[in-house]
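Beneath this line is the structure, given in structure tokens, with notes to follow.
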Amino acid sequence: MSWMRLVRSSKFRHVYGQALRREQGFEDIRVSKTSWDSTLCSVNPKFVAIILETSGGGAFIVLPLGAAGRIPPDYPLVSGHRSSVLDIAWCPHNDNLIASASDDCTIKVWHIPDGGLTTTLTVPKVNLVRHQRRVNLLLWHPTARDVLLTAGWDTKVLLWSVESGELLVHIDAHPAVLYSASFNWNGTKLVTTCRDKKMRVFDPRSGELESVAECHESARATRAIYLRSGLIFTTGFSRGSERQYSLRDPQSLHEPIVVASMEMASGVLFPMYDPDTNMIYLCGKGDVVIKYFEVTPEPPFVHYVNTFQTAEPQRGIAMMPKRGCDIAACEVAKFYRLQSNGQCQVVSMTAPRKSEHFQADIYPDTLAAQAALTAEQWLAGSVAEPVTFSLRECFAALSASKSVSNRASATSTQSSGGTRTAAAWQQILRKQQPSGNAI
């Protein structure tokens, strides 16, 4: 009798991670030592922003992706907060707009010029003041332009119109500090996790609480994110301090579809989600690994794919939007890891393909840097899917850029990849971003 091992069919089963060369990352960065469980950095196709350890107020640094290497100690900063910066987030609809939240109870929104800063920036475009205690969480709306969610230690969740500075929604339904928040695909639902071990689903426009359930057994930090399908993926800890993840249907939060335990560790697990491939990357604070999974409709629903491992533990991490990946190299994800040695390491996740043509099966239409609604339309009840675009045009631009580089210098192809990719995006980004997006 013969036995044949059945192997799950998946386009992403062979995705592997590889750290780019040291000179393609950033070095000599004084990463913040805050005890708050933040990712400490944020990235888009133009810049990477990193929260710094500073004295006399809070600051973060904004680095153009093409300016890799050692960062001089006198590099210009974004420095307008009176106390430590706890979270930062790039606007998904404007690559020059970034929000920062601070221990000084304020939220500030900054405009970063193309090419980066030449002098330290101290005056924000918008200053949002309403929280009564430190602000620890920022989240931009996925479809409405300039709508920003903030949460603080006063347990309040606020939604703002950044363009006008007006407070749109005030949610006061949490008994303790929030750990995380996530909008669903079209921004009509909001899920939060809280120190009271509960996860809650809201209508973000009305602030109405729709459902509540226990997230994980431990009161330690939990995270919840909406998947494109409408399911909710969570990370947390068991009562015995084992890391866990779960998959849930919002209609029955009390009955998880999947609950799985992992290793014993103390660092919080940050779930990084790619809606194009339906892959989830689990990045633990203090870990030397990134584990990644694929979510499918077939049991066991959350499939382990592989693990990327490096030598230095990560203190923070950010995931590049798909429009910032190297499509010509079949890169399906890219991460910027903040390490204890002051280095920002770039990690590329690649699906191996032999063909040099555009791989439409692994690159469906992806999120564009363009809002589908105004803040007024969204608040009035309008619903729209996020604006998407084809990466085929990006593939052509990157392929042409690489061909020119190869002809100029065959030996410098690998070392100049990061700069070349960043430069190639500028034409695409100018086409994607309407001029009306800037505040």
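Only this structure's heavy atoms are used, side chains among them; waters, hydrogens and symmetry mates stay out.
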Please check if any side-chain donor atom of [X] sits under 3.5 Å from a side-chain acceptor atom of [Y], or the reverse.
| X | Y | value |
| --- | --- | --- |
| R248 | S246 | yes |
| E298 | T296 | yes |
| W160 | E166 | no |
| W110 | S100 | yes |
| E331 | S348 | yes |
| T277 | D274 | yes |
| Q339 | N341 | yes |

Margin query: Going by side-chain contact (heavy atoms from CB on, under 4.5 Å), V162 matches just one of V109, N94, V147. Which one?
Written below: V109
Next item on the list: Determine whether the aromatic ring centres of H174 and F202 lie less than 6.0 Å apart.
Entry: yes
Note to self: Between F183 and W140 (judged by ring centroids, cut-off 6.0 Å), do the two rings come close enough to count as a pair?
What the structure shows: no
How long is the straight-line distance from [atom2] of [Y] back to [atom1] of [X], given to the nearest 0.5 Å?
| X | Y | atom1 | atom2 | answer |
| --- | --- | --- | --- | --- |
| L190 | D203 | CG | CG | 9.5 Å |
| F389 | L391 | CZ | CG | 5.0 Å |
| I171 | R205 | CD1 | CZ | 12.0 Å |
| T150 | L137 | OG1 | CG | 8.0 Å |

Note to self: For E53, I'd like to know if atom CD has over 12 heavy atoms of other residues, nucleotides or ligands within 6.0 Å.
What the structure shows: yes
Check: Quick one: which of F293, Y304, F237, Y292 gives a ring-ring contact (aromatic ring centres under 6.0 Å, His included) with Y245?
Finding: F293
Strictly below 4.0 Å, N to O, side chains only: are [X] and [Y] in salt-bridge contact?
| X | Y | value |
| --- | --- | --- |
| R337 | D287 | no |
| E210 | K189 | yes |
| K322 | D276 | yes |
| K11 | E294 | no |
| K198 | E214 | no |
| E27 | R22 | yes |

Notebook entry, point to check: Who are the side chain to side chain contact (heavy atoms under 4.5 Å, CB included) partners of P73, not counting sequence neighbours?
Noted result: none
Notebook entry, point to check: Going through the distances and angles, do R70 and D28 end up as a salt bridge (charged side-chain N to carboxylate O under 4.0 Å, His left out)?
Noted result: CA-CA 6 Å; R70 293 187 178 275; D28 294 343; 3.1 Å; yes
Margin query: I'd like to know whether T106 forms a side chain to side chain contact (heavy atoms under 4.5 Å, CB included) with L128, so could you lay out the CA-CA distance, the side-chain angles of the two residues, the decisive distance to 0.1 Å, and finally the verdict.
Written below: CA-CA 6 Å; T106 67; L128 305 175; over 6 Å; no
Non-hydrogen atoms of [X] and [Y] that approach each other most closely:
| X | Y | answer |
| --- | --- | --- |
| L247 | L227 | CD1-CD1, 3.7 Å |
| W378 | P204 | CH2-O, 3.9 Å |
| A368 | R323 | C-NE, 4.4 Å |
| P76 | L117 | CG-O, 3.8 Å |

Checklist line | side chain to side chain donor-acceptor pair (under 3.5 Å) partner of H216, the single match among T222, T193, T234 | finding: T234
Next item on the list: Using the salt bridge (Lys or Arg N to Asp or Glu O under 4.0 Å) rule, pick out the option among D154, D87, D104, D103 that qualifies with R134.
Entry: D103
Notebook entry, point to check: Does some side-chain heavy atom of Q309 sit less than 4.5 Å from a side-chain heavy atom of V288?
Noted result: yes
Next item on the list: For the pair N96 (side chain) and H111 (backbone), establish whether a donor and an acceptor sit closer than 3.5 Å, ignoring hydrogens and angles.
Entry: no
Notebook entry, point to check: Does the pair S238 and E217 meet the rule for a side chain to side chain donor-acceptor pair (under 3.5 Å), with working shown?
Noted result: CA-CA 5 Å; S238 69; E217 294 176 340; 5.1 Å; no
Checklist line | Verdict with supporting geometry, K125 and E163, salt bridge (charged side-chain N to carboxylate O under 4.0 Å, His left out) | finding: CA-CA 9 Å; K125 288 292 183 181; E163 186 174 10; over 6 Å; no
